[in-house]
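Following: one structure in structure tokens, then a few remarks.
Every chain is numbered from 1 and lettered A, B, ... according to where its sequence line falls, protein lines coming before strand lines.
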Amino acid sequence: MDRYTPSEIEAKWQKAWEDAGTFRAVRDESKPKYYVLEMFPYPSGRIHIGHVRNYTMGDVIARYKHATGHNVLHPMGFDAFGMPAENAAMAIGGHPKEWTYSNIDDMVAQMKPMGFSLDWERMFATCDPEYYGQQQSLFLDFLEAGLVYRKNAVVNWDPVDMTVLANEQVIDGKGWRSGADVERRELTQWFFKISDYSEELLEALDHLENWPAKVRLMQENWIGKSRGIEVPFARTDGAEDIVCYSTRPDTLRGATFLAISAEHPISRAMAEDDPEIAAFIAETRKMDTTEAAMEKAEKKGLKTGITVRHPIWPDRELPVWIGNFVLMEYGTGAIYGCPAHDQRDLDFARKYDLPVVHAFHMPGDDTEVTTEALVPTKSEKVVYVDHFTGLTDATSQEGIDQSIDWMEARDLGTGQVKFRLRDWGLSRQRYWGCPIPVVHCDTCGVVPEKKENLPIELPDDVSFDIPGNPLDRHPTWRNCICPKCGGAALRETDTMDTFVDSSWYFARFTAPRATTPTEKADADYWMNVDQYIGGIEHAILHLLYSRFFARAMNITGHLSEKSREPFDALFTQGMVTHAIFQTEDAQTGRPVYHYPETVELRDGKAFLKEDGRECQVVPSAKMSKSKNNVVDPMDIIASFGADTARWFVLSDSPPERDVEWTAAGAEAAYKHLGRVWSLCDRIGKMNPSVSGSDDAALLREMHKTIHDVTMGVESFGFNAAIAKLYGFTSTLSKSKAGHAAMREAVMTLAQLMAPMTPHLAEDIWHHQGGDGLCAEAPWPQADPDMMIEDTVTLPIQINGKRRAEVTVAKDLDKAEIEAIALAEEAVIRALDGATPKKVIVVPGRIVNVVV
RNA sequence: GCCCGCGUGGUGGAAUGGUAGACACAGGAGACUUAAAAUCUCCAGGCCGAAAGGCCGUGCCGGUUCGAGUCCGGCCGCGGGUACCA
């Protein structure tokens, strides 16, 4: 062999690892464990280059930790339930199960050639009955522990997929998968009591030091803690008080009306004999509560005729309106409007001709509000109109607390902490999901299924020719025996949200074949996930649900206390993007997208190979099938090999940022690996007895590289680590060192490259006669003594501008360095006779002469 | 609107407050070759200059510091998150 041939090398070493069982994870209390996990994929059928980047990052960590003596758990599985399988069944016939498992086979076949250090024996799919059966068991335990309940709820209904969506799954008023306009409907649903954990989930964020600050902040905002006050307003007709919630208690002084939600019990009751109100409610229900829709929607209200008394001034009567902008789900479903200090309330007041009353003015400025509400910033002090005449910063926490105290002291209201986070509705009216293991019995009501009857398996004989849930119309599946009374009963036909499946898979990987959800010894040993890697798009949902599940599993005895936060460190990686090449269709004017291989690049412009027409280039767009800019990793492996693909996705761009896939970049990576291979080949052919001239310099550089690459890998600075490896390769190829030093250097290079390009590394290791497998060799150690240079080059600045540099012995003291610097010809010239006022010497760094 | 992040060559990007532009892509020059490809060597922020060297330069304006891409204040632009949340 005299050329770098990845196809041969890669297959050979993959087999060697498999035969040796190098990456099989076996519990071993004598070694420190390390659990590295990448978010498992949905089995769409094709591996995406983005998957390659994600799993390569995880693999670098896994292989590095393996080399540093850790017992590594690095598993892979499939998040296999969900609607695409049903959609495929509807579109092309067949069965979701077949579609899914066949896709899994395809994807495994595509992943294996990448050479990931995965323990494939632990693989499972969430649609395996062995997995979802344990999930049903967890559900029953959660139910018993009071962590699951049923309630009627107005839900987001996707009319195309015929299912309920979580608020989080509604994007711009549309279903996150179908894209259909979401409607509001009332159904009986199962809920996880995640809101019981609002405070804890929020508090614990502070301790997740190895999570990106951004993700913690996003979760914090999502949980949305606010401290405010609940104020009861007495009705003039003597009926029950209307309780409002406000986070700006001080604005109560300026309240001029109340607005209640269309879903408020009062609204609903009135709707029964008032068609106008009924119509208004119906109209409001059509709106959805998401940003885009609300933004456009007009703020509308309807007068109820009810009036209430102002708590501070009972002789003031305030009208009660129904407002389409008041949400029943947040606070109490009723607000008081203070037009003077809230723009929305002011707009509403102007529209319906309601009075504007000031609660406060700015010091020295008592201008009345007309079109713009007076809203102080957190640090601004205000002067209240009455009672509260001191200067106060109204919107700071202190100001709010002060107001609450004042109101509580007068029995006007009660301080309340509210969270935005709502319970997690998990019921889905779908077939391809985990069946909820309960039955409905006419005599006993809703009864949990017995654990010995688990798994409640999905029936295979279903059809998808009509929308809706095939379980509902299955002839026999629903029929069952009530576990309580033994009479005839009906199964629950709702299945679980697929986010449930992904909320505990990480725990299942510790004992994937166990006959209980987890196995204590295994979970205690392997948990927590030391390093979790995935996309930022899961910052809120998946990660928050998993945090809740870990707590619930702790309470029900499936995980220990330490795993209530299951992911010790989180890394969110960027996407792999690719340019889009488009032209315009002459007739329709619509864009036509061209595959990269049909385009030729010249002078930074793109032309169609076919007819030479110039294409418009959209750089760095997310890969999308419809834009014809998807790069298939299998093509890359076929042309360049897995190591090239792995090397390229790690180089150039920091891992948290998006990386642009370019053909030129991939080719450059391939060329480099070829150079490394040739270098190894050349060293192999050197005469072992020949000694060289600069062994010490080469080894010094080697130790520096070990240090820098180690730091790079430890800190997710893969691109920087790769830059160092380029540099060292260059040093090595130019080195005049003897065979022994060259051999040591190239073997070290192989080890340092091994996490990124494991096959090439293994091959070099083998050719140089390394012991056993490179993958099993201990990580090289940087020897600080070997990194020390005898001399150091110091830049000399004059007034902060670099004017010269001197190379001096490393151990000179400040005075000596100063003397040498001032004697430097360029310094004397630049000083031009001036006397330095001060000379700052930072040994090993810099000299700055101040004139 | 609010919250967060980011603005560095033609491009992707380096840089514990200490020589800005490492490394790579694209580009240029050269070597090898009949030629091309491949490979190798060198050059390369901008402006002035034959060179030595000088001036300018990390979105803009200011500040702290012996010294700022880095820290602070203000602005502009881009990206992300989020909300009729009371």
Suppose we call two aromatic rings close when their centres sit under 6.0 Å apart. Are [X] and [Y] close by that rule?
X: A/F257; Y: A/Y352; answer: no
X: A/F360; Y: A/H341; answer: yes
X: A/W211; Y: A/F571; answer: no

Notebook entry, point to check: Among A/V215, A/D206, A/L202, which residue meets the side chain to side chain contact (heavy atoms under 4.5 Å, CB included) test with A/E220?
Noted result: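 It is A/L202, the one option of A/V215, A/D206, A/L202 that forms the side chain to side chain contact (heavy atoms under 4.5 Å, CB included) with A/E220.
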Check: In this structure, which one of A/V827, A/L794, A/I840 forms a side chain to side chain contact (heavy atoms under 4.5 Å, CB included) with A/V847?
Finding: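 Output: one option passes, namely A/L794.
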Notebook entry, point to check: Between A/W647 and A/L673, is any pair of side-chain heavy atoms under 4.5 Å apart?
Noted result: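 They are in side-chain contact.
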Check: Given side chains that start at C-beta, do those of A/E818 and A/K814 come closer than 4.5 Å, heavy atoms only?
Finding: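 In short, these two side chains do not touch, never coming nearer than 4.5 Å.
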Roughly how many Å apart are [M] and [N], using the [atom1] atom of each and rounding to a whole number?
N: B/U16; M: B/A68; atom1: C1'; result: 15 Å
N: B/U58; M: B/G62; atom1: P; result: 13 Å
N: B/C78; M: B/U8; atom1: P; result: 14 Å
N: B/G69; M: B/G59; atom1: C1'; result: 12 Å
N: B/G10; M: B/G21; atom1: C1'; result: 14 Å
N: B/G74; M: B/A22; atom1: C1'; result: 33 Å
N: B/U65; M: B/C85; atom1: P; result: 45 Å
N: B/U19; M: B/G67; atom1: P; result: 15 Å

Mind calculating the distance between [atom1] ([X]) and [atom2] ([N]) to the nearest angstrom?
X: A/N324; N: B/C85; atom1: CG; atom2: P; result: 12 Å
X: A/D345; N: B/C85; atom1: CG; atom2: P; result: 10 Å
X: A/L650; N: B/G13; atom1: CG; atom2: C1'; result: 15 Å
X: A/N221; N: B/G80; atom1: CG; atom2: P; result: 17 Å
X: A/I817; N: B/G18; atom1: CD1; atom2: P; result: 17 Å
X: A/L217; N: B/G81; atom1: CG; atom2: P; result: 13 Å
X: A/E656; N: B/G81; atom1: CD; atom2: C1'; result: 17 Å
X: A/K734; N: B/U41; atom1: NZ; atom2: C1'; result: 9 Å

Looking at the side chain of [X], which of [options] is the nearest nucleotide?
X: A/S653; options: B/C25, B/G81, B/G13; answer: B/G13
X: A/R422; options: B/A86, B/A26, B/C85; answer: B/C85
X: A/I540; options: B/A20, B/G13, B/U82; answer: B/U82
X: A/A723; options: B/C23, B/G13, B/A86; answer: B/C23

Does [N] pair with anything, Watson-Crick or G-U wobble, both distances under 3.5 Å, and if so, with which nucleotide?
N: B/C42; answer: B/G28
N: B/C23; answer: B/G12
N: B/G1; answer: B/U82
N: B/G49; answer: none
N: B/G73; answer: B/C61
N: B/U33; answer: none

Next item on the list: List the atom of A/G415, the atom of A/I404, and the distance in Å for their closest heavy-atom pair.
Entry: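 Shortest heavy-atom separation between A/G415 and A/I404 comes out as CA-CG2, 3.7 Å.
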Next item on the list: Check A/I229 against A/M407 and note the closest heavy-atom contact, atom names and distance.
Entry: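 Between these two residues, the closest heavy atoms are CD1-CB, 3.7 Å.
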Does [N] have OP1 or OP2 sitting under 4.0 Å from an N or O in the side chain of [X]?
X: A/R420; N: B/A83; answer: yes
X: A/T662; N: B/C25; answer: no
X: A/N719; N: B/A24; answer: no
X: A/K671; N: B/U39; answer: yes
X: A/S226; N: B/C85; answer: no

Here's one to test your reading of the geometry: is the NZ or CZ of [X] within 45 degrees of the ring axis of [Y] and under 6.0 Å from its centre?
X: A/R253; Y: A/W406; value: yes
X: A/K300; Y: A/F280; value: no
X: A/R3; Y: A/W677; value: no

Need one value for [X]: base, sugar-phosphate or nothing, where a base atom within 4.0 Å counts as base even if backbone is also close, heavy atoms only.
X: A/A668; value: sugar-phosphate
X: A/V839; value: nothing
X: A/S651; value: nothing
X: A/Y726; value: sugar-phosphate

Checklist line | Chi-based syn or anti call at B/G80, which uses purine or pyrimidine torsion atoms and a 90° bound | finding: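 It is anti.
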Check: Between A/R675 and A/R802, which is nearer to the 5' end of RNA chain B once each is assigned its nearest nucleotide?
Finding: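 It is A/R802 whose nearest nucleotide is closer to the 5' end.
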Check: Of A/E805 and A/K214, whose closest RNA chain B nucleotide lies nearer the 5' terminus?
Finding: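 Closest to the 5' end, via its nearest nucleotide, is A/E805.
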Next item on the list: Walk me through it: do A/E824 and A/R803 pass the test salt bridge (charged side-chain N to carboxylate O under 4.0 Å, His left out)?
Entry: CA-CA 10 Å; A/E824 188 68 15; A/R803 293 296 173 187; over 6 Å; no
Using a cut-off of under 3.5 Å, enumerate the N/O to N/O pairs linking the protein to nucleotides 62-68 of chain B.
{"unit_1": "B/C66", "atom_1": "O2'", "unit_2": "A/N848", "atom_2": "ND2", "d": "3.0"}
{"unit_1": "B/C66", "atom_1": "O2", "unit_2": "A/N848", "atom_2": "ND2", "d": "2.6"}

N/O to N/O distances under 3.5 Å, protein versus nucleotides 51-55 of chain B:
{"unit_1": "B/C55", "atom_1": "OP1", "unit_2": "A/R803", "atom_2": "NH2", "d": "3.4"}
{"unit_1": "B/C55", "atom_1": "OP2", "unit_2": "A/R803", "atom_2": "NH1", "d": "3.0"}

